[in-house]
Amino acid sequence: MTKKIITVTQPHLPPLEEFIPYLEKIWESKWLTNNGPFHQELEVALAKHLGVEHLALFTNGTLALVTALQSLRISGEVITTPYSFVATAHSLLWNNIRPVFVDIDPLTLNLDPDKIEAAITPQTTAIMPVHCYGNPCNVERIQQIADTYGLKVIYDAAHAFGVHYKNESLLKHGNLSVLSFHATKVFTTFEGGAIVCPDAETKQRIDYLKNFGFADEVTVMAPGINGKMNEVQAAFGLLQLKHIASAIARRKAVDLRYREALRGVAGISLLPAPPDTLRNYAYLPIMVGTDFTISRDALYQRLRDAGIHARRYFYPLISDMPMYRGLPSAAAANLPVAQKISAEILCLPIYPDLAEADQDRVIGIVRGGV
Ligand SMILES: *Cc1c(COP(=O)(O)O)cnc(C)c1O
């Protein structure tokens with residue numbers, strides 16, 4: 001008998017029959033990509049759903065990050081977090097920008113605003129924070145620093161689909177926000193992403209850049225890339241959108257069950273719920289402290305042996321990877337909080353279709369069973 005594997009996340013797929021009519025339309029029109037009807041429809045529907053002004057779809061979140069930086073002509077140095085998925089910093093290297101790592105806040109695991117100013121130099125042009133696990137950065141303080149020093153702010157909002165902060169979309173903060181619709185994210189188009197932007201002119205430039213820089217048939221305005229979302233992706237996004245509210249409600253129930261079951265387990269801590277925030281319950285991170293009965297990696301392995309694939313998001317730190325570790329800001333002594341959290345973090349399985357019995361197995365092992 002093969003053992004059932006429980007992964008850290010799993011996409012919520014609507015019944016296949018519901019997707020067939022979309023595919024039939026694509027087959028009829030033979031319009032497969034390049035701003036097709038589903039692409040246009042999804043841009044409008046998502047902007048409305050998220051409560052933002054404008055949004056440009058991309059074929060994945062990484063190309064959206066790369067293009068967001070290019071669209072604002074960011075250069076020199078950009079202040080960012082070492083505690084993220086590697087695409088955050090890679091998008092800087094793809095633009096010939098030097099990442100400058102600043103430590104994180106131990107309560108939010110987001111860029112610590114108190115440490116940003118000390119990292120600003122004459123070469124600094126922007127800040128690229130991450131709303132880690134969908135928990136809001138200190139957007140007010142970050143904007144204040146950006147305004148004082150004349151810096152742009154580009155949020156890696158890959159985890160923050162649908163998150164609202166103080167009764168409006170979190171994605172409205174900064175100059176641009178970038179979403180990912182990868183298969184592992186709360187809202188997915190298999191692969192996909194988007195840039196949220198405040199005005200039509202910026203969206204226009206971004207739309208040129210994601211199509212090689214073509215402004216019209218004969219004008220190429222910049223060395224743009226091919227970042228276009230295709231019609232199958234966009235159609236799937238429209239279908240997903242119909243189910244997103246119930247999917248997030250199911251995530252919330254899973255989150256609540258974990259919190260109740262793991263509260264008070266010695267050596268295990270959970271992040272406090274962020275204030276003034278409508279969450280999306282994208283991740284369930286726990287910190288396995290040195291006072292827990294076994295090490296983080298031993299717990300990870302124990303889960304693994306039981307067929308439960310928890311993930312050490314984020315370990316190793318980006319700043320410890322070969323292409324970054326030589327930077328002065330990457331030194332471990334500069335990033336003590338990120339180093340500590342990275343050694344303790346474990347993200348447990350959370351997704352809409354996670355069965356209670358499976359969740360109970362995860363909980364049982366974390367609580368000290370086998
Ligand atoms: C998923 C993710 C990305 C990359 O998005 P893709 O759509 O996979 O290219 C970037 N940043 C963070 C924080 C992510 O989690």
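Indexing begins at 1, ligand by ligand and atom by atom, following the structure's order. Scope of the values below: all heavy atoms of this structure, side chains included, with no hydrogens, waters or symmetry mates. When a residue number appears, it is its place in the shown sequence, counting from 1.
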Task: Residue and atom name of the nearest protein heavy atom (relative to atom 15 (O) of ligand 1), distance in Å to one decimal - done: His159 NE2, 2.8 Å
- [ ] Look at atom 12 (C) of ligand 1 and find which of Ala158, Ala160, Gly193 reaches it with the closest heavy atom.
- [x] Ala158
Open item on the list: Using a 3.5 Å cut-off on N or O atoms only, is Gly61 in polar contact with ligand 1?
Closed with: yes
Open item on the list: Check Asp360 with Arg257, please: is the shortest side-chain N to carboxylate O separation under 4.0 Å?
Closed with: yes
TODO: Taking only heavy atoms of Gly192 into account, list the atoms of ligand 1 that are under 4.0 Å away from them.
DONE: 7 (O)
- [ ] Identify, by atom number and element, the atoms of ligand 1 in contact range of Ala87, meaning under 4.0 Å from any of its heavy atoms.
- [x] 4 (C), 10 (C)
TODO: Take the angle between the ring planes of His49 and Phe161 and call it parallel below 30°, perpendicular above 60°, tilted in between.
DONE: parallel
Open item on the list: Can you tell me if Cys132 contacts ligand 1 (heavy atom of the residue under 4.0 Å from the ligand)?
Closed with: no
TODO: Output all residues satisfying side-chain contact (heavy atoms from CB on, under 4.5 Å) with Lys166, sequence neighbours left out; order by chain, then residue number.
DONE: Glu140, Asp276
Open item on the list: Can you report which non-hydrogen protein atom sits closest to atom 3 (C) of ligand 1, along with the distance?
Closed with: Phe85 CD2, 3.7 Å
Task: Protein heavy-atom partner closest to atom 4 (C) of ligand 1 - residue, atom, separation in Å - done: Thr62 OG1, 3.6 Å
Open item on the list: Less than 3.5 Å apart, any donor N or O on the side chain of Lys228 or Asn230 sitting next to an acceptor on the other?
Closed with: no
Open item on the list: Checking a contact table here: which protein heavy atom is nearest atom 5 (O) of ligand 1, and how many Å away?
Closed with: Ser180 OG, 3.2 Å
Task: Nearest neighbour in protein (non-hydrogen) for atom 1 (C) of ligand 1 - done: Lys185 NZ, 1.7 Å
Tabulate below the donor-acceptor pairs under 3.5 Å that side-chain atoms of residues 148-155 make, not counting sequence neighbours, or state none.
| unit_1 | atom_1 | unit_2 | atom_2 | d |
| --- | --- | --- | --- | --- |
| Thr148 | OG1 | Gln144 | O | 2.8 |
| Tyr149 | OH | Glu117 | OE1 | 2.6 |

Open item on the list: Tell me the contacting part of Asp156 for ligand 1: side chain, backbone, both, or neither, using a 4.0 Å heavy-atom threshold, strictly below.
Closed with: side chain
Task: Enumerated ligand 1 atoms positioned under 4.0 Å from heavy atoms of Ser84 - done: 13 (C)
TODO: Determine the interplanar angle of the Phe212 and Phe214 rings, folded into 0 to 90°, and report it as parallel if under 30°, tilted if 30 to 60°, perpendicular if over 60°.
DONE: perpendicular
TODO: Tell me whether the centres of the aromatic rings in Tyr324 and His90 are closer together than 6.0 Å.
DONE: yes
Open item on the list: Ring-plane angle category for His243 and His12, please: parallel below 30°, perpendicular beyond 60°, tilted otherwise.
Closed with: perpendicular
